[in-house]
Amino acid sequence: MRRPRIRTILAQSACLLAGLAAGARVGAQPAGGFRLQLEPGLDEQRASVRAGRPVFGSGDKLSGRTGHEATLEGDAEVRKAGTVVRADRLTYYEADDEVVAVGNVRIVRDGNVFAGPQLRLRIDANEGRFEAPAYYMPRSGGRGDAGSVDFLGPDRTRLNEATYTTCEPDSVDWQLRADTITIDEAASEGSGRSASLYFKGLKILAAPAFAFPLSDERRSGFLAPSLSINSRVGTEVTVPYYWNIAPNRDLTLYPRLSARRGAQLGADFRYLERGFFGNARVEINPSDSKTGSSRYYYDLNHAFADWAGWAGALTVRGVSDDDYFIDYSRSIVDSSQRVLPRTFNATRALGGDWTVLFGVQTWQSILDARPGPYERVPQIQFRNVLRDVRGFDMDTVFDATRFGAPLPGKVQGWRLVAHPQLSYPIVRPGWSIVPKLSLHGTTWQLDDAGALPTTSHRIVPTGSVDAGLVFERPASFFGRDVTQTMEPRLFYVRTPYRDQSKHPVFDTTVADFNFAQLFAENTFIGNDRIADVDQLTAAAVSRIIDPQDGAEKFRFAVGQRIYFSQQRVAIPGVAPRTDARSDILLAAAGNLERGMSFDAGLQYSLRDAGIPRFSAQWRYHPADGRVFNAGVRYLRDQIGQFDTSWRWPVAPRWTMLGRVNYSFLASGTDPVSGIANERGVVEGLLGFEYSECCWGTNFLIQRYRTAAGQATTAFVIQLELKGLARIGSDPFGILRRNIPGYRLPTDRPAPPSRYFGYE
């Protein structure tokens with residue numbers, strides 16, 4: 001028969017037993033006397049105090065000398081202030097607060113578990129040595145073994161001849177081996193010496209020294225290197241270094257070495273101060289191996305607030321040559337950049353509801369974007385906004401802008417604008433009506449006028465009325481109770497004709513025809529042309545709303561504009577409108593069941609019974625991470641593309657990723673990239689994800705157009721060792737941009753409970 005276990009308090013036992021006995025006696029007193037009460041919350045500050053706390057022990061056999069040492073044998077256990085030691089035989093030395101454990105030793109401290117043959121430890125000081133232990137750290141999911149472990153204080157531990165992995169014990173696919181690994185929990189960082197990283201038994205990396213964070217706090221040091229293959233730069237290796245300068249400033253250096261372009265240095269500096277923030281990014285190749293020239297790119301962004309009452313921003317972007325983005329871009333978005341801004345703007349509030357804006361806007365135009373738009377050098381604008389002044393709203397703008405010509409010999413000069421607006425909105429439950437009057441006064445003072453007059457003026461009044469109704473009713477669709485609305489709207493605008501053929505055009509263009517523009521007073525964008533209009537817009541929106549949560553489940557809209565006069569004001573080179581009615585706009589969107597949704601729009605031309613524009617997008621994004629998108633976009637002579645993307649499991653642990661953006665137009669120019677349309681794949685992506693319990697990999701191949709008749713092909717691969725690092729090129733920026741709905745995987749396990757590992 002098993003002998004009864006001996007349970008005892010190895011230090012301060014007399015005081016504790018006396019206190020418990022007294023408490024029991026007091027607790028037996030009648031109501032009204034002092035009673036022991038349950039503590040509703042755990043006080044972590046008290047638990048963190050370790051020194052002077054009692055030591056509890058248990059075992060099958062107890063021996064020792066009072067006041068000197070106590071030895072427990074047979075399933076022995078010692079506890080003190082969050083530290084639990086178990087072994088076949090334990091000896092506790094009271095004077096030194098030291099425990100010596102032999103045989104099947106197991107220690108649990110702050111959730112971390114160590115197990116081995118022999119331990120010597122001063123419990124309060126956390127100083128001692130553990131011979132040949134295995135360990136498990138639940139916060140990171142890491143485990144391994146060591147030749148020995150040195151406990152160097154309350155927050156520092158050094159593992160000698162150690163291994164580390166997050167894999168399960170029976171399937172160690174990767175492992176880090178190091179001469180030493182030091183864990184400093186107070187500094188929330190780890191470091192090591194003479195490390196080698198093994199994957200599937202093969203050494204893939206080695207380093208004489210390394211450091212790593214134990215939390216999400218930023219740390220200076222080298223980041224995981226990346227390797228990629230690109231048809232423009234060849235094989236490319238990047239070894240980034242991160243410098244955590246201060247809590248509000250950091251710098252990332254990313255030197256690159258490519259087979260075709262040579263050495264390139266990149267830097268990204270970020271800062272965040274009380275009154276301003278921004279970043280500066282620079283890339284420079286002192287001598288491109290293919291062109292033999294120095295090539296660079298810079299992008300500076302600075303924003304400030306409350307600087308002597310001013311707030312604003314500065315943006316400066318530029319490249320060394322026209323082909324920089326074609327040769328060095330890593331996405332179709334980068335390669336399509338043609339007009340690079342150099343802008344500054346600052347605003348501040350003045351007294352009496354006035355604000356002032358000061359701005360400068362210049363450009364670097366490259367390739368087919370030359371000569372580029374006009375520059376504002378400078379722009380000064382005053383604005384006054386008054387709301388609900390006896391029911392009236394007033395908005396007054398005074399603007400003075402000097403326009404600089406992008407090429408010598410073109411018209412340039414000053415434009416002065418005064419634009420007061422007065423409205424009287426009447427908004428009631430279920431209906432609204434907003435009458436509005438405005439006056440647009442403009443003066444041009446030109447330096448190089450050419451065939452235009454040096455000075456010219458224009459005053460144009462505009463009147464409008466915007467009226468709408470909102471009806472709703474309970475309804476039932478497909479067995480579900482919903483609320484359906486019907487929201488008709490009428491918008492009438494009248495602007496008389498003024499001859500504007502003698503005025504220059506600096507920043508004005510024809511507005512895009514869409515639902516928002518249906519309710520605009522001017523069919524031009526900009527102040528150089530004010531369209532002569534006598535028109536009525538009629539539109540209606542119907543919504544299906546879930547009465548339980550107010551979420552919109554479905555929306556349908558239709559709208560058309562009726563013209564009561566012919567348009568006479570036009571932009572040079574653009575024919576004026578001649579139709580009596582505009583095209584009809586239709587739009588529908590909805591959220592379906594099981595993660596499905598759709599969004600569609602169509603423009604129907606009554607004149608030629610054709611469809612000059614339409615788009616449709618269908619999405620399937622269930623909660624399990626699968627993604628499928630399919631859509632089509634068409635804009636006559638500009639865009640004609642089928643676009644589909646997906647993330648879909650194809651086998652256990654394997655997921656396929658892809659996108660195909662195919663152009664079926666062979667004429668016109670893409671308005672986004674500026675590249676002439678041709679039939680074929682505009683952008684294609686194919687890749688796979690593979691995931692194991694402790695590692696995963698992504699590999700992608702991408703091809704995209706960079707200019708007419710030119711394309712770039714890139715190959716990206718990344719090995720993710722969960723809980724340690726990602727090695728290779730980052731594919732997630734590519735995937736998020738190409739696959740709407742793609743969610744980033746995480747290599748961090750769910751944080752355990754504060755009481756995880758309690759024994």
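Residues passing the salt bridge (Lys or Arg N to Asp or Glu O under 4.0 Å) test with Asp466 are Arg489, sequence neighbours excluded. Looking at residues two or more places apart in sequence or on another chain, you find a side chain to side chain contact (heavy atoms under 4.5 Å, CB included) between Glu273 and Asn248, Arg249, Phe276. Applying the side-chain hydrogen bond (donor to acceptor under 3.5 Å, both in side chains) criterion to Asn522, with sequence neighbours excluded, gives no partner residue. By the side chain to side chain contact (heavy atoms under 4.5 Å, CB included) test, Gln361 is found to be paired with Thr343, Trp363, Arg376, residues two or more places apart in sequence or in another chain being considered. Evaluation of the side chain to side chain contact (heavy atoms under 4.5 Å, CB included) rule for Gln617 yields Arg619, Asn629 as partners, not counting sequence neighbours. Every side chain to side chain contact (heavy atoms under 4.5 Å, CB included) that Ala616 has, sequence neighbours left out, goes to Ala600, Val632.
Side chain to side chain, Gln445 and Thr455 meet the donor-acceptor criterion of an N or O pair below 3.5 Å. Looking only at atom types and distance, the side chain of Asn527 has a donor-acceptor partner in the side chain of His440 under 3.5 Å away.
Taking the six-membered ring for Trp and thresholds of 30 and 60 degrees, Phe304 and Trp307 have ring planes more than 60 degrees apart, a perpendicular arrangement. The aromatic rings of Phe403 and Phe506 lie parallel to each other, their planes meeting at an angle below 30°, with 60° marking the opposite boundary. Ring pair Tyr742/Phe732 is parallel by interplanar angle, where below 30° counts as parallel and above 60° as perpendicular.
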Subject >> side-chain contact (heavy atoms from CB on, under 4.5 Å) between Asp393 and Tyr424, worked out >> reply: CA-CA 6 Å; Asp393 289 345; Tyr424 189 82; over 6 Å; no

**OP:** Please lay out, stage by stage, how His302 and Tyr271 fare under the test side-chain contact (heavy atoms from CB on, under 4.5 Å).
**Re:** CA-CA 9 Å; His302 176 79; Tyr271 55 92; 2.6 Å; yes

**OP:** Verify side-chain contact (heavy atoms from CB on, under 4.5 Å) between Glu487 and Thr485, making sure each step is shown before the conclusion.
**Re:** CA-CA 6 Å; Glu487 305 166 36; Thr485 72; 2.9 Å; yes

**OP:** Show your working on side-chain hydrogen bond (donor to acceptor under 3.5 Å, both in side chains) between Thr495 and Thr462 and close with a plain yes or no.
**Re:** CA-CA 5 Å; Thr495 300; Thr462 297; 2.9 Å; yes

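The side-chain heavy atoms of Trp414 and Trp444, taken from C-beta on, include no pair separated by under 4.5 Å.
Between Asp507 and Arg415, at least one side-chain N (NZ, or NE/NH1/NH2) sits under 4.0 Å from a carboxylate O, which counts as a salt bridge.
Residue Arg494 places its CZ atom among more than 12 non-hydrogen atoms of other residues, nucleotides or ligands, all under 6.0 Å distant.
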